[in-house]
Each structure stands twice: as structure tokens, then as C-alpha cells.
Amino acid sequence: MGEALTAHADDRLRVRELFVTEQPRHAELAERAVLAGIPVREVTDKAAASLSETVTPQGVVAVCDLPRTDPVSALAQRPALVAVLVGIADPGNAGTVVRVSDAAGAGAVLFAGDTVDAYNGKAVRASTGSLFHLPVARDRDVSAVLAACRDAGLRLVGADGYATGDLDTADRAGELAEPTAWVFGSEAHGLSDEVKAQLDTTLRVPLYGRAESLNLATAAAVCLYASARAQHR
């Protein structure tokens, strides 16, 4: 909630209203909201629970305008590292990738195709505030999103468990230091052949143990940090 109020103060997000229960830990948030001119309503625990999507609500709920950002605008600053989610169904995975992208220093996260809504309640919680730190944009036209990345000077690299090349070989060749848009496919099926045909290359995460694979969020963390390290080296 504090991240949302900070985004409001920076004119990156509009917080319309704040609902809080009578708990001392909410006093600071309520005070910040009042100072920012945001109406604050005190509600009962039952009312707060009915407003929240969580099983164990924290007792504070904000009503915010949804940020409206398109991929071209999100890439206007020509970031060196971007995450693109294509067909991701699980909101927890999507939100975690936003969090990882933020931590790795990515400049934007783009939701393409039939990927879950970035502002789904579970996705917002999984992002732990990172949703308010970097541009998050959506376009159902996957090809348009990939074209926007290419126009922004980004190399399109897909994460694919069956790819011939891997992160180690790409790192040794200096490929990971280039401005990169990492493209991640659905949890169940990965990237389609149609999407892979539009990429510059695909890479897999090398597995040194006996595990058959990594889940989406873990694989995204490994890939994004591999590029971040190479770019900051």
C-alpha cells in the first residue's frame, strides 16, 4: 500500500480512496493519504474483508485508477532489459516475474497475447509493490509487442527448455550483455513455433542436477539476472 501512495505522490498512479480498519499499524498510511488529499474511510474488519480478495486481509484497501501504458510508451526510454510474458495463465507467476524484473533492473514488463491481467489481485500481491516501480504494459497482439521491442533496439531472446544454446554458452559469447527482451511462454506449453519464429534466438537454463525443469518464475529469475550481470559487468 505504501508503494501505491508513493506512486500517487509521483503522479504515476491515481489513488482515489483508502479504506482502513482501526489498527495502529494503519495510522501512518492513513496519515500519508490524508496529507496527499486522498479520502480515508474507517471501516470494520468485516467490511474490509468484503472489499478484499484475500483470505486473510490486512485491513487496508485502496481504490486506484488503472495505469494505462502501451508497449511503445513503456519502451520509450529504450531500456536495456525487458521481460515479455506471452500466454502466462497463473497470476502468481506473472506477478512474481514483475517482481524479479524490478529486482534485476529491467526497464519494463510487457504482457502479450492471452496473458493474465497484470492487475489481477493475486498478481498485484505477488509483485509486492514492484508493479508500481516500472512500466507494465499490455497488448493482445503478440507480434506488435515483439516488433515494438525490436524497434526499441532490443534483441529478442526466448526462454525455451529445448533450445540448443544455453545461458552459459551465450554468456561466454558476450550475447547476454546486449540489450535484451526476454520472452517467456506459458507454464504448460512454453513458446509456440509461431512466436519462436519471430525471435532472434532461444536459450535454455542449463540444469546441472537431476531436476527435469524449472517453473516459470524461477527460470525467468535466472534468465533476467544472467543478462543483468552481463550488462553490469
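We number each residue from 1, following the sequence as shown. Note that the structure is predicted; figures quoted are calculated from it, not measured.
Nearest heavy atom pair, residue Leu134 against residue Ser130, reads CD2-O, 3.1 Å. Taking each heavy atom of Ala74 and Pro135 in turn, the nearest pair found is CB-CB, 3.8 Å. The two residues Arg16 and Pro39 come nearest to each other via the heavy atoms O-CD, 3.2 Å. Summarising the geometry of Val97 relative to Ala217, their closest heavy-atom pair is CG2-CA, 4.3 Å, with the distance given to 0.1 Å. Of all heavy-atom pairs between Asp90 and Lys122, the closest is OD1-NZ, 4.3 Å.
Looking at Ser143 and Gln198, their side chains do bring a donor and an acceptor atom within 3.5 Å of each other. A side-chain donor-acceptor contact under 3.5 Å links Thr128 and Arg99. Between the side chains of Asn215 and Glu187, no donor-acceptor pair of N or O atoms lies under 3.5 Å.
No continuous path of hydrophobic side-chain contacts links Val72 to Leu81 [ILVMFWY only; heavy atoms under 4.5 Å]. Hydrophobic cluster membership differs between Leu203 and Leu199, with clusters built from Ile, Leu, Val, Met, Phe, Trp and Tyr side chains linked at under 4.5 angstrom. Cluster annotation: Tyr119 is not connected to Val116 through the hydrophobic network of ILVMFWY side chains, with a link wherever side-chain heavy atoms come within less than 4.5 Å. In the hydrophobic clustering of this structure, Val157 does not group with Val82; members are Ile, Leu, Val, Met, Phe, Trp, Tyr whose side-chain heavy atoms approach within less than 4.5 Å, directly or through other members.
Checking side-chain atoms of Arg155 against main-chain N and O of Leu176 turns up no donor-acceptor pair under 3.5 Å. In this structure, Asp200 contributes its side chain and Leu156 its backbone to a donor-acceptor pair below 3.5 Å. A donor-acceptor pair is defined here as one N or O able to donate and one able to accept, closer than 3.5 Å; such a pair exists between the side chain of Ser127 and the backbone of Val124. A donor-acceptor distance shorter than 3.5 angstrom exists from the side chain of Gln231 to the backbone of Glu178, with no hydrogens or angles considered.
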Given side-chain contact (heavy atoms from CB on, under 4.5 Å), test Val20 with Val40 step by step and report yes or no.
-> CA-CA 7 Å; Val20 298; Val40 177; 3.9 Å; yes

Stepwise side-chain contact (heavy atoms from CB on, under 4.5 Å) test for Trp182 and Ser101 | CA-CA 10 Å; Trp182 272 102; Ser101 300; over 6 Å; no

Could you walk me through whether Cys149 and Leu75 pass side-chain contact (heavy atoms from CB on, under 4.5 Å), step by step?
-> CA-CA 7 Å; Cys149 290; Leu75 299 171; 4.1 Å; yes

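Residue Ser213 holds its OG atom at 13.5 Å from CZ of Arg204, rounded to the nearest 0.5 Å. With rounding to the nearest 0.5 Å, the separation of CG in Asp102 from CG in Leu224 is 11.0 Å. Within the model, atoms CD of Glu175 and OG1 of Thr180 stand 9.0 Å from one another, a figure rounded to the nearest 0.5 Å. In this structure, CG on Leu167 lies 5.0 Å from SG on Cys223, to the nearest 0.5 angstrom. The distance from the CZ atom of Arg125 to the CG atom of Asn120 is 7.5 Å, given to the nearest 0.5 Å. Annotation: the span from Glu28 atom CD to Glu31 atom CD amounts to 7.5 Å, rounded to 0.5 Å.
In Gln77, the CD atom is not crowded: 12 or fewer heavy atoms of neighbouring residues, nucleotides or ligands sit closer than 6.0 Å.
Residues Val84 and Val145 have side chains in contact (heavy-atom distance under 4.5 Å, counting atoms from C-beta outward). A 4.5 Å side-chain heavy-atom check between Leu146 and Val183 finds at least one atom pair inside the cut-off. Side chains of Thr96 and Leu216 form no contact here, defined as non-hydrogen atoms less than 4.5 Å apart. With contacts defined as side-chain heavy-atom distances shorter than 4.5 Å, the pair Val136/Leu131 qualifies. For the pair Asp166 and Val205, the minimum side-chain heavy-atom distance is 4.5 Å or more.
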Using distance only, find each side-chain donor-acceptor pair of residues 188-197 under 3.5 Å and give its atom names and separation, not counting sequence neighbours.
from	atom 1	to	atom 2	distance (Å)
Ser192	OG	Val195	N	3.2
Lys196	NZ	Asp160	OD2	3.4

Side-chain polar contacts of residues 107-115 - donor-acceptor pairs under 3.5 angstrom, sequence neighbours left out - could you list them?
from	atom 1	to	atom 2	distance (Å)
Asp114	OD1	Arg140	NH1	3.2
Thr115	OG1	Leu85	O	3.0
Thr115	OG1	Gly87	N	2.7
Thr115	OG1	Ile88	N	3.2
Thr115	OG1	Ala112	O	2.8

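Here Arg233 pairs with Asp171 in a salt bridge; the nearest charged N to carboxylate O distance falls below 4.0 Å.
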